[in-house]
Amino acid sequence: MEYQFRTIEKKWQQRWEEEKVYLVENNYQKPKCYVLDMFPYPSGAGLHVGHPLGYIASDIYARYKRLKGFNVLHPMGFDAFGLPAEQYAIETGQHPAVTTEKNIASFKEQMNNIGFCYDWSREVRTSEPDYYKWTQWIFLQLFHSWYNRDKKKAEPIDELIASFDKEGNVSYPCPADESVQFSSDQWKSFDKKTKQGILMNYRLAYCGYGDVNWCEALGTVLANDEVINGVSERGGYPVIKKKLRQWYLRITEYADRLLEGLRQIEFSEAMKEMQSNWIGKSVGADIVFPLSGSPRRGERSQNLPGFGYAEYKVANGVNFENARKNRKNPTEAESLLWNALRNRATGYKFRRQHPIENYIVDFVCLDAWIVVEVDGGYHNTKEQQALDIERDRLLKELGFITLRVTNEDVLFETEKTINKIKETCNLSIRTSMERKEDNMKPSPHWGEGGVRVFTTRPDTIFGVDFMVLAPEHELVEQITTPEQSEAIDEYLAYVNSRSERERMAEKKITGCFTGAYAIHPFSGKEIPIWVSEYVLAGYGTGAIMAVPCGDERDHRFAKHFNIPITNIIGDSYNGEEANPSKDAVLQNSDFLNGMKMQDAIEVVIQKVEEMEIGKRKVNYKMRDAAFSRQRYWGEPFPIIWKDGIAIPLDEKELPLQLPHVETYKPGPEGEGPLANITAWVNQFLSTKGGGLETNTMPGYAGSSWYFLRYMDPRNEKEFADRKATDYWNQVDVYIGGTEHAVGHLLYSRMWTKVLYDLGFIGFDEPYRKLINQGMIAGDSRFVYRIQGTNQFVSHGLKDQYQTDELHVDVNIVDGFVLDTEAFKKWKPDYEDAAFILENGQYICGSAVEKMSKSKYNVVNPDIIVDKYGADTFRMYEMFLGPIEQSKPWDTKGIEGVHRFLKKLWRLFYEQDNFVINNAEPAENELRILHKAIKKIQEDTERFSFNTAVSQFMICVNELAALNCHKRKILEPLLILLTPYAPHISEELWHQLGNKRTVLDAAFPTYNEQYLKENNFSYPVAVNGKTRTELSFPVDTLQADVEKEVLANEIVQKWMDGKPVKKFIVVKGRMINVVV
RNA sequence: GCCCGGGUGGCGGAACUGGUAGACGCGCCAGACUCAAAAUCUGGUUCUCGCAAGGGAGUGGGGGUUCGAUUCCCCCCUCGGGCACCA
C-alpha cells in the first residue's frame, strides 16, 4: 500500500471533527497550558505560505503539551473589524459584514486544510455584538477609572470624587495639566460641566482634542501611511492637520509599570528593548533659561506674560542675581508671609522674588495669576506710588492681578491677610478654569519666562554654548529679532517643505539663528538661541541646551556654524569629537569643578530646585494612545453627548449595536460615517437627552483582551468567568510577528493591568512568553523580454540583448525552468511569445523579495497541501529554519521532507504488506529511538522545530538502514511524530491496532541507559589540529589515555620529536597534545 | 543619523555552556533498476594541490585572548528590519 496522504488526511480531519477531539473543557483538575496565536485580520487575499508558520509552530507545541498530559487551550479567532473591509465597501458597495464573513470562511477552510487542533467552538470575532459588548464594557471600566499615582494602580473614579470633596486635588495633581489646582470648597462650588471637565482630565479613557490628517478633497481622515509627502496616497490631494475631538487612553500613567513588567516576562531581548525604547523613560531635569532682553518682533501676543526676564539684565545689571540676593535678605514681614505661603500652605503654589517682565515681584502664584506685593515704608512717596500704579497696570496687561498688602497687615493681621490672598486666588482660578473650558486646550505654564529645556545631563550645564528650539516651538515666532526675521522665515519654510521621513534621514546639518539670547542661570552668560530640525517639538519641551563637548549632534552643529565650544572636561575632550562620558571630572564649571559628572547631576538638580528655576523630571517618550477613528467598521462608543458632557450608557444597555448602513461616506466636519445616521445617533434622545458618539474604536480595542474571551467565550453575564480566568491565567506561549511589538502588545498589557487593578482578573501580564516568527520571503522568478519585441531570452543569454526584466508567476516555473506553454496561456499578451532557449530550456532569473501579489511570487498553501499533503507542508515549514528567522520560500526543497514521510511509511508497509513484527528491539535500535525522544523533546520545548525535524529524518534513516519493523520501536516513534505530522501518525497508529486516538497517547519517556556508549572515539589533535581518531572506553584513566596517545604512530609523526608541553583531555569530547 | 538583528558550502541551514565546522535536507555528480524516462534505491559532494597516500586554506574582513574561537573582546565592511534625529 502506498502512502496516500490526501485520502488519509481527509479521513482523519473528518473523524476528528465528528468525534470533537479538539473540544477543550475548563477542567480545573488538570494542569493547564495556554498556547495562543495572534489572531489574523481576515483579508480578502487569503493565506499565503508565510502566514501558517506561526500557526504550525503553536499547533505543534499545543499537541506536544497535550501528549504530555496538559489540558491545552489552543483557540483561534478573527480580528474582524478594520479599515480594508471598509475601504473595499467604499469601492464595491459590499457591506463589510458580508465580505468579512466570506473572508473568514475561506481562512477557516485554509486553516483546516493544514490540520490545526483549534477548538472552533471557542472562536471569537471582534465584530460580533456578543463580543464587542464586552469591549464596550471594558471601555466603560476605563472611563470610570483613574490612576492613583500613590498606590500605583487604577481605581474607580468615585474614590477620586470623594477625595475632591474632602480636600480638593492637593493629593492627586491633575495628570493632564499640573496647573489645575483647587480646594475642596472650590470643587463643591464648581458647576456640573466644570466638574466633568476636570474629571475628564483624570479618566483612563478620556476625551480631548488631537490632530488628524484631514484631506478636504476626499472629505475624510487619513491614516499616517495613507499620507505621502503631505498629500494623500490616493489622488495626491493636500492633507492638513485638523483638530478633532478624540478619545484617548491614558497609557502614559502606566509607563512605569509597563517598563517594570518587562522584567518578569519572557520576551526576546530585542522585543523588550523595542518596548522600553517606545516608552522611553529618561530621568533628568527641566531647567528654565531666562531670555535676555533683546528686541523681539512678536507682539506681546494674547496678553500672555511670556518672557519674564526680558530687559532684566539691561535694566538692573545682573538682575537675576538680585532676585537671589533679595531672597536671602527678606524683610521681617516678607519672611513671615513666605512661611505662611510656602509649600502650598494655602493650597496654592507661591514663588517669591520672582521676575516677571522687567520687574521682580515679591510673591506670585503662577497658577492663579496673583501677585502679592508687601509694601514697606518707601512705597509711600508720591513718585513711588505713581510707579506702582504703572507697574500694576503693566502686570494686569499681562494677566496678573496685584494684591498689595502692607508690612502691618502681614505682621499684625496675619490670618486675615492670608485669607484675603487665598480668596483672591480662589476667585481667579475659577475664571481661569472657565477660560480653559472655552479654549479646550491646556494653558502653557506661565511665568517660567524663558526657554524651558529638558536635559538628562544637568551636570554639563556649564558647557552650554547655545540653545536649540524645534522649528515648531511657539517661542520661535516671538523671540526672533527683526534682523533674523527673514532668515528664520526662510528656514521654517524649508523645514515645512520636508516630510517627516526626509527630516529623519537627513545627514546634513541645518539650522538658523533667531538673533535672541538666553541667560545662563548660573554664569549669567548670554547664550544664542538657534532653531533646527534635529530638535523635535513633541519630545521633552521641544527645546534643548546644547553641550557640544559632550554631545555628538550638538558638536557637529557647533562646528558647522562656528559656535565656540566650551570645554568642561579638560583632556577628556580632544576638540575633534564630543565625549558623552559621565565619568569625566568637571572643569570650567564654577561650583561643580573637580566633581565627577555622574555625581554632579544630583548637585545641579538640587541647586535648580532650590533656586526654583527648574525641577527634577522623569520624562517619557510615550504619548497617550488615540482611541477613536472616524470610521464605520469598528466598535461604537457607549457614550452620549449632552450639553458637552459625556454620559456613559448603562451596562444593561450594552451592546450598543453598530447600525447597518448602505453608504460609508464620512460625516460632516470629518466626523465618522455614523454621524450620517441620525436615527441611530438620536436613539437615546428622548430618554437621555443627547446624541451618541459617532466615532468608533480602533483595531486594537478588540485585540487588547481577546485572549481572555477564549477562556469563556459564550458567557453572557461577564467577559469571562473569574474561575475560568483564574484557571487558564496567563497565556503560556504567544506566537506572532514583530510588527505588533509596540502597538497591540503594549495596549494589551495595559488593559490587562487595568482589569487586574480593578479586581476583575488575578494577573497583570497577559503573555508569559512571546515567540516572534520571522517572515517567509518570496522567491521571485524573472523572464527577459528583448526590448520592443515579444521575444524572451533565457537568463544565461540575456546579456547579449537589450532586455526588460519581468516578474513571472512562480507557479509556472519548475525550479528555474519556465513552462513555456503555461507562460503563453498566462496572459493574453504572451500568447504568441517566442523563446530563445539555452540547452533546450528557458531558465529564469531569481531574487528573494517580500511575498506579494504584484511580484507573482505568492505561494498558496492549498496548492502545496494538495500536491504533498498537510503533514509534509507542516514539517517543511518547520524544517526551513529557526522559527524567529526570516527566510525565503523554496518549493523545490519540500521533496526532501516528503521523501522522509514516504520512508517512514515504508517502515510499516513493503509494497502491500504490513510488515510490523513484535520482536524485541536490539540495543542499537533502542539507542536510535531514545536518542530521538531526547532530542525531539528538548527541541520542541525550546521551539527549535527545524532541528527536531532533522532528528526525525536521522532516526528514520537509521531504522531503515537496520531494516527495523519492530512495533516496540515504531509505536513510540509515532507518538513522537504526532505533533508534527498528526495525520500519518494517527493512520499508522490505528494500523497498529490501536482503537483510541493517538492525540491522547502518552509522550514516551527516554531512558538515559540506552544512550550510554561504552567507547568514545576521540579526535586527537596536535597543537590544535586534528590528526587522527582513537577510541577509548569512557572511563579510561587520563594517564592511560596519555600513554596510548603518545605511543600512536601518527601522533608521534606530528610531534616531530618535540617534548609534550601540555596534554589536554576533555572527557567525551576531544584530546589535544601541545608540543 | 540612531537602534535592533544577521553574514557559515551552489542553496535552506546544523554545531546547546569555547572542544572533530558543514548534521539534516535541496541541488549537483556517479551508479543500480529500466528498451527508455519518471519514480525509487546506493555512493559521492567546502575549496584547493595531488593519480593516490596525504597536505594546505576555510564560518564577511582585520587584529586580540586561549592548548583550542563559528562561539569571547576590539576595529572595519556588508545585508536585512525598525524609527519618534529621544537630548
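Predicted model, so just to flag it, every value in this text is computed and none were measured. In what follows, chains are A, B, ... by sequence order, proteins preceding strands, each numbered from 1.
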### Query
Are Tyr620(A) and Asp256(A) linked by a side-chain donor-acceptor pair shorter than 3.5 Å?
yes
### Task
Classify the nucleic acid contact of Leu880(A) as base, sugar-phosphate or nothing, counting any heavy atom under 4.0 Å across all strands shown.
sugar-phosphate
### Message
Taking only the C1' atom of each, what is the distance from G22(B) to C76(B) in whole angstrom?
### Response
27 Å
### Query
Which whole number of Å gives the distance between the C1' atom of G19(B) and that of C72(B)?
15 Å
### Task
Go ahead and name the base partner of C33(B); Watson-Crick or wobble counts if both distances stay under 3.5 Å, otherwise write none.
none
### Query
Phe879(A) has a side chain; which of C26(B), A87(B), G25(B) sits nearest to it?
G25(B)
## Note on the structure
The residue, Ile894(A) or Pro882(A), whose nearest nucleotide of RNA chain B is more 5′ is Pro882(A)
### Summary
Per atom distances to the Thr947(A) side chain, the nearest of A87(B), C67(B), A14(B) is A14(B)
### Query
In whole angstrom, what separates Met875(A)'s CE from C24(B)'s C1'?
12 Å
### Query
Is any side-chain heavy atom of Leu880(A) closer than 4.5 Å to a side-chain heavy atom of Ile776(A)?
yes
Protein N or O to nucleotides 37-47 of chain B N or O, pairs below 3.5 Å:
residue : atom : partner   : partner atom : Å
C41(B)  : OP1  : Arg906(A) : NH2          : 2.8

### Query
With sequence neighbours left out, what residues match Arg899(A) under salt bridge (charged side-chain N to carboxylate O under 4.0 Å, His left out)?
none
### C1' atoms of G61(B) and G44(B), separation to the nearest Å
33 Å
### Query
Which whole number of Å gives the distance between the P atom of A53(B) and that of G68(B)?
30 Å
### Task
Name all pairs fulfilling the side chain to side chain donor-acceptor pair (under 3.5 Å) condition that reach into residues 877-889 of chain A, sequence neighbours left out, sorted by first residue then second.
Trp889(A)-Thr891(A)
Restricting to nitrogen or oxygen on both sides, can you table the protein-nucleotides 28-32 of chain B pairs closer than 3.5 Å?
none

### Query
Is Asn277(A) touching bases, backbone alone, or none of the nucleic acid, heavy atoms closer than 4.0 Å?
sugar-phosphate
### Query
Rounded to the Å, how far apart are Lys931(A) NZ and C24(B) C1'?
12 Å
### Whole-Å distance separating the CD atom of Gln885(A) from the P atom of A14(B)
6 Å
#### Entry: side-chain hydrogen bond (donor to acceptor under 3.5 Å, both in side chains) involving Tyr868(A) - partner list, sequence neighbours excluded
Glu895(A)
### Summary
Lys935(A) has its side chain closest, among C85(B), C16(B), C24(B), to C16(B)
## Note on the structure
To the nearest angstrom, the OH-C1' distance between Tyr876(A) and G13(B) comes to 11 Å
### Task
Between Val1074(A) and Asp551(A), just flag the one whose closest nucleotide in RNA chain B comes earlier from the 5' side.
Val1074(A)
### Query
How would you label the contact of Met953(A) with the nucleic acid (heavy atoms, under 4.0 Å): base, sugar-phosphate, or nothing?
sugar-phosphate
### Query
Whole Å only: how far is the CG atom of Asn946(A) from the C1' atom of A15(B)?
12 Å
#### Entry: Base-pairing mate for A23(B) - Watson-Crick or G-U, with both contacts under 3.5 Å
none
Give every pair of a protein N or O atom and an N or O atom of nucleotides 55-60 of chain B that lie under 3.5 Å apart, one pair per line with the distance.
residue : atom : partner    : partner atom : Å
G56(B)  : OP2  : Arg1027(A) : NH1          : 3.3

### Task
Using the test side chain to side chain contact (heavy atoms under 4.5 Å, CB included), find all partners of Ala518(A) that sit at least two apart in sequence or belong to another chain.
Phe289(A), Met467(A), Ile529(A)
### Rounded P spacing from C49(B) to G10(B) in Å
15 Å
### Query
Across all strands shown, which nucleotide pairs with C83(B) by Watson-Crick or G-U wobble geometry, both distances under 3.5 Å?
G1(B)
### Message
Can you check the distance between C24(B) and A14(B), where both ends of the measurement are the P atom (answer in whole Å)?
### Response
14 Å
### Query
Does Lys902(A) have any side chain to side chain contact (heavy atoms under 4.5 Å, CB included) partners at least two apart in sequence or in another chain, and if so, which?
Tyr3(A), His898(A), Arg906(A)
### Message
Over all strands shown, is Ile954(A) touching base, sugar-phosphate only, or nothing at heavy-atom distances under 4.0 angstrom?
### Response
sugar-phosphate
### Message
Do Asp890(A) and Tyr876(A) pair up side chain to side chain, a donor and an acceptor below 3.5 Å, judged on atom types alone?
### Response
no
### Query
What integer distance in Å separates Gln951(A):CD from A15(B):P?
12 Å
### Task
If G50(B) has a Watson-Crick or G-U wobble mate with both distances under 3.5 Å, name it; if not, just say none.
none
### Task
Rounded to whole angstrom, note down the P distance from G55(B) over to A21(B).
14 Å
### Task
Specify the separation, in whole Å, of atom NZ of Lys1062(A) and atom C1' of C67(B).
5 Å
### Query
So, is Asn619(A) close to the A87(B) phosphate, meaning a side-chain N or O under 4.0 Å from OP1 or OP2?
no
### Query
In terms of the angle between their ring planes, are Tyr909(A) and Trp905(A) parallel, tilted or perpendicular, with boundaries placed at 30° and 60°?
parallel
### Message
Quiz question: by atom type and distance under 3.5 Å, do the side chains of Asn957(A) and Lys903(A) form a donor-acceptor pair?
### Response
yes
### Query
Between A14(B), A87(B), C24(B), which one does the side chain of Ser950(A) approach most closely?
C24(B)
### Message
Looking only at the side chain of Thr455(A) (C-beta and beyond, no hydrogens), which of the listed nucleotides A87(B), C67(B), G13(B) gets closest?
### Response
A87(B)
#### Entry: Partner residues of Glu266(A) under the side-chain hydrogen bond (donor to acceptor under 3.5 Å, both in side chains) criterion, sequence neighbours left out
Arg768(A), Lys769(A)
#### Entry: Side-chain ion pair, Asp459(A) and Arg457(A), N-O less than 4.0 Å
yes
### Message
Under the rule for side-chain hydrogen bond (donor to acceptor under 3.5 Å, both in side chains), what residues qualify as partners of Asn946(A), not counting sequence neighbours?
### Response
none
### Task
Would you mind telling me which of A14(B), C26(B), C67(B) lies closest to the side-chain atoms of Asp890(A)?
C26(B)
### Summary
Per the glycosidic torsion and the 90° limit around 0, nucleotide G9(B) is syn
### Query
Who pairs with Pro528(A) by side chain to side chain contact (heavy atoms under 4.5 Å, CB included), at least two apart in sequence or on another chain?
Phe466(A), Phe513(A), Tyr517(A), Trp530(A)
#### Entry: P spacing across the pair C47(B) / G9(B), given as an integer number of angstrom
11 Å
### Task
Give a yes/no answer on whether the side chain of Asn957(A) brings an N or O atom under 4.0 Å of OP1 or OP2 in G25(B).
yes
### Query
How many Å lie between OH on Tyr1018(A) and C1' on G68(B), as a whole number?
17 Å
### Task
With sequence neighbours excluded, tell me which residues meet side chain to side chain contact (heavy atoms under 4.5 Å, CB included) with Lys931(A).
Gln951(A), Glu958(A), Leu1011(A)
